[in-house]
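Treat the numbers as computed from the prediction; the structure is a model and nothing was measured.
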Amino acid sequence: MWDKIALILLAVGGINWGLVGVFQLDLVAWMFGGAASIISRLIYILVAVSAVWCISFLFRRDSISDVGA
């Protein structure tokens, strides 16, 4: 379950960074009142924690395909 949540948050972060790079639009900041708002900062922190969590996939012995099981 935690793996799926981390992957979803990482996808949100990746899409947000893609929008920043292509359109100069920070969707998280736009939706929640600016990059300095507490909700935006919380989302940024959760995305960063999920990225660190997903790095652990590289060092696990089980297959990443087991995440869906």
Side-chain angles (χ1 to χ4, degrees):
M1 179 178 93
W2 290 110
D3 293 344
K4 288 182 183 181
I5 292 170
L7 285 171
I8 290 168
L9 285 171
L10 201 56
V12 167
I15 291 168
N16 191 56
W17 273 112
L19 290 172
V20 169
V22 176
F23 300 112
Q24 296 181 349
L25 169 66
D26 186 345
L27 189 61
V28 172
W30 178 76
M31 288 177 64
F32 298 108
S37 76
I38 197 75
I39 297 173
S40 294
R41 292 180 58 181
L42 180 64
I43 292 171
Y44 297 143
I45 291 167
L46 288 173
V47 168
V49 169
S50 70
V52 172
W53 181 273
C54 289
I55 289 171
S56 72
F57 292 167
L58 298 172
F59 303 104
R60 293 185 187 176
R61 291 185 184 257
D62 57 342
S63 171
I64 192 68
S65 63
D66 291 344
V67 172

Please list, one pair per line, the donor and acceptor atoms closer than 3.5 Å that link side chains of residues 26-35 to other protein atoms, with sequence neighbours excluded.
residue : atom : partner : partner atom : Å
D26     : OD1  : N16     : ND2          : 3.0
D26     : OD1  : V28     : N            : 3.4
D26     : OD1  : A29     : N            : 3.3
D26     : OD1  : Y44     : OH           : 3.2
D26     : OD2  : Y44     : OH           : 2.6

Could you work out the complete set of other residues in the hydrophobic cluster of [X], with links drawn between I, L, V, M, F, W and Y side chains under 4.5 Å apart?
{"X": "L10", "answer": "none"}
{"X": "W17", "answer": "V20"}
{"X": "L58", "answer": "I55, F59"}

Mind checking what makes side chain to side chain donor-acceptor pair (under 3.5 Å) contact with S50, not counting sequence neighbours?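 For S50 there are no side chain to side chain donor-acceptor pair (under 3.5 Å) partners, ignoring immediate neighbours.
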When hydrophobic residues are tied together by side-chain contacts of less than 4.5 Å, even through go-betweens, does I43 share a cluster with I15?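 Same cluster.
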Co-membership, hydrophobic cluster, residues F57 and I5, 4.5 Å side-chain: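 Both belong to a single hydrophobic cluster.
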Under the side-chain contact (heavy atoms from CB on, under 4.5 Å) test, which residues partner L46, sequence neighbours left out?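 side-chain contact (heavy atoms from CB on, under 4.5 Å) list for L46, sorted by chain: L9, L42.
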